[in-house]
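In what follows, a structure is listed as structure tokens, so that the remarks can point back to it.
No experiment lies behind these values; they were computed from the predicted model shown.
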There are 4 protein chains.
Amino acid sequence: MTQTSAGRLSDDVPLPDRLLAVATRMFAEKGFESTSVQEIVNAAGVTKGAMYHYFGSKDDLLYEIYHRLLGLQMRRLEQIAGGTGSAEERLRAAALDVLETSFLYLDDFTVFFRSTHLLPRDRREAVRAERRRYHECFRDLVEEGQREGSLRAHTPADIAVHFFFGTVHQIGAWYRPGGRLKTRTIAEHYVDLLLNGLKQA
Amino acid sequence: MTQTSAGRLSDDVPLPDRLLAVATRMFAEKGFESTSVQEIVNAAGVTKGAMYHYFGSKDDLLYEIYHRLLGLQMRRLEQIAGGTGSAEERLRAAALDVLETSFLYLDDFTVFFRSTHLLPRDRREAVRAERRRYHECFRDLVEEGQREGSLRAHTPADIAVHFFFGTVHQIGAWYRPGGRLKTRTIAEHYVDLLLNGLKQA
Amino acid sequence: MTQTSAGRLSDDVPLPDRLLAVATRMFAEKGFESTSVQEIVNAAGVTKGAMYHYFGSKDDLLYEIYHRLLGLQMRRLEQIAGGTGSAEERLRAAALDVLETSFLYLDDFTVFFRSTHLLPRDRREAVRAERRRYHECFRDLVEEGQREGSLRAHTPADIAVHFFFGTVHQIGAWYRPGGRLKTRTIAEHYVDLLLNGLKQA
Amino acid sequence: MTQTSAGRLSDDVPLPDRLLAVATRMFAEKGFESTSVQEIVNAAGVTKGAMYHYFGSKDDLLYEIYHRLLGLQMRRLEQIAGGTGSAEERLRAAALDVLETSFLYLDDFTVFFRSTHLLPRDRREAVRAERRRYHECFRDLVEEGQREGSLRAHTPADIAVHFFFGTVHQIGAWYRPGGRLKTRTIAEHYVDLLLNGLKQA
DNA sequence: TATGAATGAGCGTTCATTCAT
DNA sequence: CATGAATGAACGCTCATTCAT
């Protein structure tokens, strides 16, 4: 997992991490299938053998990117959801956090939402299961808000979560660093649109 | 462009259309890069030569899917945007329409938002330019609504459009026909969340 | 067979000739194998069917180029060799003539000496037999000159003919129309080098 | 570069050299375009991947044949031209040497003078530049002979070089090992014809 | 640990040729 | 006479992966 804002990958970064960082960057830029193992190891300054020593296959690289990202997201969400404050406050915080994380790990997200279908079936289902848990955790927060009355019950929580995550996952498809819109601005408006949409009209 | 709900592709469908329909289906299912030209022509019951008689390359197939879809969408949006009624009413109608179209051409959309990056540079930019026009047309509708006062001016129209289209484009990533949620239900709630989010709190 | 200096190929040229002319030009420029039948018929402004109506195959096109060229050369040589004057005079005239013909039909010659090996075996041997007759006719002239005493007998006539034809056949490999050297100049010096080389030291 | 007279290509020859030798043989026999990569690697007893490990493309194989041959020739010519003796003596030695080399590397030469036009433009021009240097070195020798008076000045040196090299390059088109004419005989007569042709009549 | 030569299966594409119309 | 859709076989090339060293 590579922070978009992170600097150079100095030689003292452990090789597996360096390989993952390089792979993430290239997958985001050219796509998983258009990036050869040779290109990855060249960019990382090692040979194929080294890569196959740490990763069983090219698919493993992809899976590992997903796995790390999902783990990170889940930990953050659980911490926020389990915190103090009203459901609405925690939902707002979680929504803002997922957006900020998305901007921070933009390449990882881009790869994720573009290439899941390329994983072998079993891996794909493992990823989906992790995603589902994450989705449900977020959904519970929405339902809690509906029960406490701060959010209207009219919208099924599942749909609201699909609605919000859908647009979060698409960010990598249009957002370009250095453009006119700042990430913080986008994040705040997105959260606002979600929360306002869930309030009484 | 293939309606997901369409029936069999009988032999009297012109070969180019049949190839496009088959390709759309397979690209949506397994991804562009994981679908070989051989598989496509096998499924269409012809040989590679026949395909290359009509399409210059595998990329052309992809581009043609995009091109047809974008043309269809643009025509529909222009008709709705140029219709009668308040800006809010037309925005609501347009939002509902793009959702219904998305469900109808789910495979085409899935391919679109997953594989644009695989097009050669020039084609990719042609597609982006078409998308931009579409985006701007929709954005104008939002701005008109803000000027007429039915929508709050707080949210920049550009962001609102990215917000909405983002989630529309992700539908293919999670929606499965035959599932618990009906397309009409989803569409209505999505439109409602958008419009409600854009109203005064 | 196309005269390099010939003008446009107007529509009233019989189709077979137009096809041969176009093919000769393209074969000389890009090589036989790198020129597709489609390109030839496009350049000639007809369709494949038309070409296959007149020529049984792409190889036939090549063979016909050779056949016409060899026929032309043989007729010219026989006329010169059977003329009046000393053997040396007739040899000089024949040598000059073959050079001038080579410049005039430069494309045809270029194709000839580059692509003979691409003909099917039987055709290739037919061409070789025609070449051999031509070679022998020229050789007889050299031997006649040696018998009459104007040429030294030291050089085997066969070798002299290979020597001269070798360089004639290579002209297309280096000569470029419009360059510094004029065809007439080259031809005269080549003939001079041959005849002088065959004289008593 | 393969000596025509060389024996079998035992397994201990490095693979790149073995591939080059096999390719040279086949290109000379059937032509570059009519020889598939598959045939080459079959004959060398390896798979395509092995070939592409060492050569970037089929064109590279061709270029390498040229490059090695040109390097060899240039080195030999420079050594002879820079030696002692009159210009005429060095010219005679150089002419004899290029002929003997041509017979020794007959396949390489055959490929060279038949397939240069099949190289990609940049490679083709690199080869032409190398050829030009070679041509100029030889031409300088002729001009030196003209200045020292042993050769007549009547013939432009450039034309004389084209004349001689032309026929040298065609040798592969007609000479067959094992035939009636011996290489040494041919070489001596060719050199004699050149030198005698350049002497005062 | 790490190398890099080599594999083997598959890829997108080309093209001379055929044939129903 | 001429068309052009379609074939079928081959082509150059790629690449994830393996394995002797």
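Taking atom CZ of residue A/Phe27 and atom P of nucleotide F/dA16, one finds them 9 Å apart after rounding to whole Å. The interatomic distance linking D/Lys58 (NZ) with E/dT13 (P) rounds to 20 Å, in whole Å. We find that CZ of A/Phe32 is positioned 19 Å from P of F/dT14, with the value rounded to whole Å. Atom-to-atom, CG of C/Asn42 to C1' of E/dA16 comes out at 15 Å; the value is rounded to the nearest Å.
Looking at which nucleotide of DNA chain E each of B/Val37 and C/Gly56 is closest to, the 5′-most match is held by B/Val37. Comparing A/Asp59 and D/Ser34 by the nucleotide of DNA chain F that holds the closest heavy atom to each, the one mapping nearer the 5' end is D/Ser34. Toward the 5′ end of DNA chain F lies the nearest nucleotide of C/Leu15, the other residue of the pair C/Leu15 and D/Gln38 mapping further downstream. Each of C/Glu33 and B/Thr35 was assigned the nucleotide of DNA chain E with the nearest heavy atom; the assignment lying further toward the 5' end belongs to B/Thr35.
Each of A/Tyr105, A/Phe109, A/Phe112 was scored for a ring pair (Phe, Tyr, Trp, His ring centres under 6.0 Å) with A/Tyr66, with one residue passing: A/Phe112. Just one residue in the list D/Asp108, D/Asp107, D/Thr35 forms a side chain to side chain donor-acceptor pair (under 3.5 Å) with D/Arg25, and that residue is D/Asp107.
Inspection of the B/His117 and A/Arg114 side chains reveals an N or O donor paired with an N or O acceptor under 3.5 Å. A donor and an acceptor atom, one from each side chain of A/Ser34 and B/Glu33, are nowhere located under 3.5 Å apart.
Between D/Phe113 and D/His169, the two ring planes are parallel [angle under 30°; tilted spans 30° to 60°].
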Given Watson-Crick or G-U pairs with both distances under 3.5 Å, what dot-bracket string fits DNA chain E, with | for other-strand pairs and [ ] for crossing? .||||||||||||||||||||
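Salt bridge D/Asp17/D/Arg68: present, at least one basic N to carboxylate O contact under 4.0 Å.
Annotation: cation-pi geometry not satisfied between B/Arg124 and B/Tyr63 (NZ/CZ under 6.0 angstrom from ring centroid, within 45° of ring axis). Judged by a 6.0 Å distance limit and a 45° cone about the ring axis, A/Lys58 is positioned over the six-membered ring of A/Phe32.
Side chain of C/Ser36, nearest nucleotide from E/dT17, F/dT17, E/dC15: E/dC15.
D/Leu19 places a side-chain heavy atom less than 4.5 Å from the side chain of D/Phe55.
Within a heavy-atom distance below 4.0 Å of DNA chain E, the residues of residues 45-55 of chain C found are C/Lys48, C/Tyr52.
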